[in-house]
Undergrad: 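Structure incoming, see below.
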Amino acid sequence: MNPDAQLFVAGRWRPAEDGATAPVYNPATEEEIGRHAVASVGDLDEAVEAAARAFPGWRAIGPLERSRLMRRAAGLVRDRAAAIASIMTAEQGKPVAEAEREIRNSADIIEWFAEEGRRAYGRVIPSRSPDVMQTVLEEPIGIVAGFSPWNFPIAQAARKIAAALAAGCPIILKGPEDTPACCAAFVAAFAEAGIPEGVVSLFFGDPATISDHLIAHPGVRKISFTGSTTVGKLLAAKAGAHMKRCTMELGGHAPAIVCDDADLDVALKTLAMAKFRNAGQVCIAPTRFLVQHRVYDAFLDMFIGTAKDIRVGNGADPASAMGPLAHGRRLEAMESLLADGLKHGGVAELGGQRVGNKGHFFAPTVVTGLARDARLMNEEPFGPVALFAPFNDLEEAIAEANRLPYGLAAYAFTRSAAVAHKLSSAIETGMLSINHHGMSLPEVPHGGIKDSGYGSEGGLEALKGYMTFKFVTHAVG
Ligand SMILES: O=CCCCC(=O)O
């Protein structure tokens, strides 16, 4: 059994005010392994009041002290990585080594923002008169409502919490109901590190109730959401109605362009890892594998050869390289997308079905021959499915890469500097990784364009999302 996940409100772990709870399941065994509290609107109001009380002090304490407390929290997270990883694997499914890597990366994220918060300098703008001083002050935006997903239950919470705290903002986080206990264990590190009461709160419950209430709440100034494009658009519309700033990290359908001059071994190693980690439930996972004709058959064979050797099993077993999908809804979605794909010319060269009949396991899958109007070619699969299609010339690959309304991540493999240069400007994406996988580091921007959202969850751009910019012009004469 996992620990039950309570709410963290005003510096205290406690049940929901009305005692409501909901079950949590292990996706590998389908057994109930714990429960999480289900917040009411009254619980949320208490958190907003606590955050409002905490804000002036957290802002005034200054970046150095904030950084010190955050670094202490990062240290606790790192010390507890193994213990928290086993909780994450039990409720999310990913292999325990992958879970532990995510937790260690999250400690790096906290530390990076702790440092970057100390460099939020603002700026001085040279004035037109010697008697006028013009400055831009960077100030914390205020109370943040964060909504973090179940696929990276800690890393995505870390990005929101760390950026908010570094900027001087309190944050009320709605954690993932499918994977609550690991998220609670992560938040506990902030509390134990001495982050003052009310600066961080954690909630679980009915997502629509929580988002409706927090987004409309006059005390909340900023929304940060990671999740599907469909839900992101609803939340952004609500936020727009209340003039709240947003960071929206939404869905993707990443193209991976493999040119005929590419190092195929590098492309294989990089793309197979990126496709099948976390059972493909990754917003930046490569999905449309666009491979130039001359190397198409060879690369397809190589990819199938690697994918078929991936050992699928309970993530708690160290021999498993890929765990189950995180819940039954994803298994149903995969089955329905594959069924539609097969009706639209698709051929499952590998996999294409669930593994076993207990647990939400789905086989590593490679599909060729899909018509452009197959759902798989248009909807984010969020599962271990690689869609292969050949292309003749670069223009054709670019057109296919840009065909969808998504623009989150893209990958390309080529030995030609000219081709790499051309793709850098031609691909409509928030992140492009050429000849390696270089995304998701704390210090680099992480976010999309078009229907994949706006704002960033990484790098300097992320911190700026939690700040306002006040122009002060001062005539001193
Ligand atoms: O699913 C989106 C977040 C990606 C996080 C990562 O790549 O580590």
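Fair warning: this is a prediction, and the values are worked out from it, not measured in the lab. Note that ligands are numbered from 1 as they come in the structure, with each ligand's atoms numbered from 1 the same way.
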Undergrad: List the atom pairs, with distances to 0.1 Å, where a side-chain N or O of residues 435-444 and a protein N or O form a donor-acceptor pair under 3.5 Å, not counting sequence neighbours.
TA:
residue : atom : partner : partner atom : Å
N435    : OD1  : T414    : N            : 3.0
N435    : ND2  : T414    : O            : 2.8

Undergrad: With the threshold set at 4.0 Å, does a side-chain nitrogen-carboxylate oxygen contact exist between D206 and K174?
TA: no
Undergrad: Compute both the distance and the angle, then confirm whether K222 meets the cation-pi test with Y466: under 6.0 Å from the six-membered ring centre, within 45 degrees of the axis.
TA: yes
Undergrad: Between E249 and ligand 1, does any nitrogen or oxygen pair lie at a separation below 3.5 Å?
TA: no
Undergrad: In plain terms, say whether R329 and E332 are close enough for a salt bridge, that is, a side-chain N and a carboxylate O under 4.0 Å apart.
TA: no
Undergrad: Please state which protein non-hydrogen atom is closest to atom 2 (C) of ligand 1 and give its distance, to 0.1 Å?
TA: C283 SG, 2.1 Å
Undergrad: Strictly distance-based, threshold 3.5 Å: is any side-chain N or O of S224 a donor or acceptor partner for the main-chain N or O of G146?
TA: no
Undergrad: Is it true that E380 and R375 have a side-chain N and a carboxylate O under 4.0 angstrom from each other?
TA: no
Undergrad: Would you mind telling me if ligand 1 is within reach of the side chain of R159, the backbone, both or neither, using heavy atoms under 4.0 Å?
TA: neither
Undergrad: For S440, take its heavy atoms, then give the atoms of ligand 1 lying under 4.0 Å from any of them.
TA: 5 (C), 6 (C), 7 (O), 8 (O)
Undergrad: Distance under 4.0 Å to a non-hydrogen atom of V282: what atoms of ligand 1 satisfy this?
TA: 1 (O)
Undergrad: Minimum distance, heavy atoms only, to atom 5 (C) of ligand 1: which one of Q156, E98, M431 is it?
TA: Q156
Undergrad: Who gets closest to atom 8 (O) of ligand 1 by heavy atom: Q281, R277, E102?
TA: R277
Undergrad: What part of N151, side chain, backbone, both or neither, has a heavy atom within less than 4.0 angstrom of ligand 1?
TA: side chain
